[in-house]
There are 2 protein chains.
Amino acid sequence: MTQTLHTPRATGQAAITVDLVILTIRGGELQALLIERGNPPYRGQLALPGGFVRDSETLDQAALRELHEETALDGRQLHLEQLRTYGDPHRDPRQRVVTVAYLALGPNLPVPTAGTDAQAAGWHPVGQALTRVLAFDHSTIIREALERARSQLEYTTAAAAFCPEPFTIGDLRQVYEVVWGFPLDPSNFRRKVTRAEHFLRPTSEHRVAETGRPAALYRRGSAQLLHPPLLRAGARARAQFTAAALR
Amino acid sequence: MTQTLHTPRATGQAAITVDLVILTIRGGELQALLIERGNPPYRGQLALPGGFVRDSETLDQAALRELHEETALDGRQLHLEQLRTYGDPHRDPRQRVVTVAYLALGPNLPVPTAGTDAQAAGWHPVGQALTRVLAFDHSTIIREALERARSQLEYTTAAAAFCPEPFTIGDLRQVYEVVWGFPLDPSNFRRKVTRAEHFLRPTSEHRVAETGRPAALYRRGSAQLLHPPLLRAGARARAQFTAAALR
DNA sequence: ATAATAGTGTCTGTAAGACATTATATA
DNA sequence: TATATAATGTCTTACAGACACTATTAT
């Protein structure tokens, strides 16, 4: 027990790692950063980036460090949160490894440099990533991360973490559409996010696109939570109805 | 890294425990199960129940086992979910201990038996528990657990886990009032929960109270999520307004 | 009758969904 | 001009908050 801990024994000892589900939007698609394993087990298979937690660092610090090693970004610009911990005794065939999974959302992240262990790292559309067999229990982790990300968009302002500043309301709407996988009404979406307090900070600038009226540019506001939430339920019902009508 | 793990080294090794925030409603108050530590460090201080994860069990199994050891209940009747993982390198002064915290919600749990390590276990109102200094980082854990529980009541049917079956709508409303800490309109609450699909399963029975009209009895329905959610925001705003008016 | 809680009904304000209309750019 | 996207406005529906009113028990 935490309370007694008379003697340090093998019981309860495990290696601690952090694994990162790093999501970004590239080419109008939601993509996740995956590495190709260079060593057994699961050699040659895709896996989430991650690594050991060092003796001197907190779990959050370990996640930030791994994030920096993989994407050369510091955590100040993006959304990073603990997702869940996975500790099945046989999730790693070699020894017991308990991994704390983190979810990171970032804007237009760069093509990753070659990993420190000469592992190829690259972006993969999450749709593909979900159908592939990943190493360890990483398929489960990425599936739960995607659901968390979708849910975060409902109740928080996390969607703005996907947008490089400054951004338009159209950019922000595209984030929702790509992550949720169905279209939103542009008019109602605008009304919703502009009325939410401190979600968007207006600028006086505009962006001239290839075509169409120039769009006003915004920056991220101070709000973390979205009140009231922007729920998928109604829109999803409509999308399902549409999908049913097409069958 | 999880991916390489060339050599088993000290780096990343830690003891793994589970800690439980077990909440129930007793005497119209939200209470948490705490143990009094019989050994240093933090001897004599209050702490969350918990213990080592065994080599052969999953994290969820460890939480269920500890729950059974502390309350003599199996997990089938109550709500149990992983809360968060705490791994500050100095959270335990003796060695590195990473703990996976769980949140358990149960109906009218019994007075706990003496702990296996002769530790006194007992129920404490969460309000008091929050003001006391608990062992380790358990004050943080219980604070985050309370916020999670309050949030769960908004988006899920978890409130019913606090009610011994069968229960009345008044019982269920009292759960919300006790956990959230402010009163709800009985009429609107009834409309909300009865219209939510598969939240409540009606029975043909009624309960005759000391006074007042007998109340219809319900059992928990199959729904896990509450659509649309029952948000604190509006009600909280009213409560704050009321509190402000009283000052 | 009175008190107390259960349960129903109604009015109002807010916000979401659907969709029409106007504004401003490029080709 | 046509086309595309931005931005505003309008109508309707769903639902929450407030609260009046009825129902059914015990004292």
Side-chain angles (χ1 to χ4, degrees), chain A residues 28 153-155 163 166-174 176-177 180 182-197 199-200 202-218 226-242 245, chain B residues 28 153-155 163 166-174 176-177 180 182-197 199-200 202-218 226-242 245:
Chain A
L153 261 51
E154 294 188 300
Y155 304 111
C163 296
F167 54 88
T168 69
I169 290 181
D171 295 338
L172 189 64
R173 177 168 50 85
Q174 197 212 1
Y176 278 87
E177 293 179 336
W180 284 354
F182 53 82
L184 297 177
D185 183 288
S187 175
N188 297 335
F189 181 82
R190 163 183 306 278
R191 180 178 59 195
K192 178 70 189 177
V193 297
T194 52
R195 286 192 185 174
E197 292 195 351
F199 189 2
L200 301 179
T203 72
S204 55
E205 305 163 276
H206 286 256
R207 178 192 295 165
V208 178
E210 299 169 353
T211 177
R213 175 174 170 177
L217 288 167
Y218 296 84
L226 204 51
H227 268 301
L230 176 45
L231 299 175
R232 282 173 286 178
R236 182 199 278 163
R238 179 173 60 82
Q240 285 178 343
F241 177 79
T242 306
Chain B
L153 261 52
E154 295 188 298
Y155 304 112
C163 298
F167 55 88
T168 70
I169 290 181
D171 294 338
L172 189 64
R173 178 168 49 86
Q174 198 212 0
Y176 277 86
E177 293 178 336
W180 284 353
F182 52 81
L184 297 177
D185 184 289
S187 176
N188 296 335
F189 181 83
R190 163 183 305 280
R191 180 179 59 194
K192 178 72 189 176
V193 298
T194 52
R195 285 191 185 174
E197 293 196 351
F199 190 1
L200 302 178
T203 71
S204 55
E205 307 164 275
H206 286 256
R207 177 192 296 166
V208 178
E210 298 169 353
T211 178
R213 175 174 170 177
L217 287 166
Y218 296 83
L226 205 52
H227 268 302
L230 176 43
L231 299 175
R232 283 173 286 179
R236 180 200 280 164
R238 178 172 60 84
Q240 284 179 343
F241 177 80
T242 305

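Just so it is clear: chains get the letters A, B, ... in the order the sequence lines come, proteins before strands, and each one is counted from 1. In what follows, every heavy atom counts, from backbone to side chain, and hydrogens, waters and symmetry copies are set aside. Every value quoted in this text rests on a predicted model; they were computed, and no experiment measured them.
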Atom-pair distance (NE2 on His227(A); P on dA16(D)), nearest Å: 15 Å
Value in whole Å for how far the C1' atom of dA15(C) lies from CD of Glu197(A): 15 Å
For atom CZ of Phe189(A) and atom P of dA6(D), their distance in whole Å: 11 Å
Reported CG-to-CG distance for the pair Leu217(A) and Leu200(A), which is rounded to 0.5 angstrom: 11.5 Å
Reported NE2-to-CD distance for the pair His227(B) and Glu197(B), which is rounded to 0.5 angstrom: 11.0 Å
Base-contact (B) and sugar-phosphate-only (S) positions in nucleotides 4-13 of chain C, heavy-atom cut-off under 4.0 Å, - elsewhere: BBBBBBB---
Interatomic distance, Leu230(B) CG vs dG17(D) C1' [rounded to whole Å]: 12 Å
Earlier contact from the 5' end, DNA chain C, for Glu210(A) and Pro228(A): Pro228(A)
Distance in angstrom units between Leu226(B) CG and dC15(D) P, rounded: 12 Å
Nucleotide dT25(D), atom C1' - distance to CD of Glu205(B) in whole Å: 18 Å
Gap separating the OH atom of Tyr218(A) from the CZ atom of Arg207(A), nearest 0.5 angstrom: 12.5 Å
Separation of atom CG in Leu184(A) from atom C1' in dA15(C), rounded to whole Å: 16 Å
Reported CG-to-OH distance for the pair Leu230(B) and Tyr155(B), which is rounded to 0.5 angstrom: 10.5 Å
Mutual orientation of the aromatic rings belonging to Tyr176(A) and Phe189(A) [parallel < 30°, tilted 30-60°, perpendicular > 60°]: perpendicular
Any Lys192(B) side-chain N or O less than 4.0 Å from OP1/OP2 of dA16(D): yes
Whole angstrom value for the distance that separates P of dC15(D) from CZ of Arg195(B): 7 Å
CG-CZ distance between Leu153(B) and Arg232(B), expressed to the nearest 0.5 angstrom: 8.5 Å
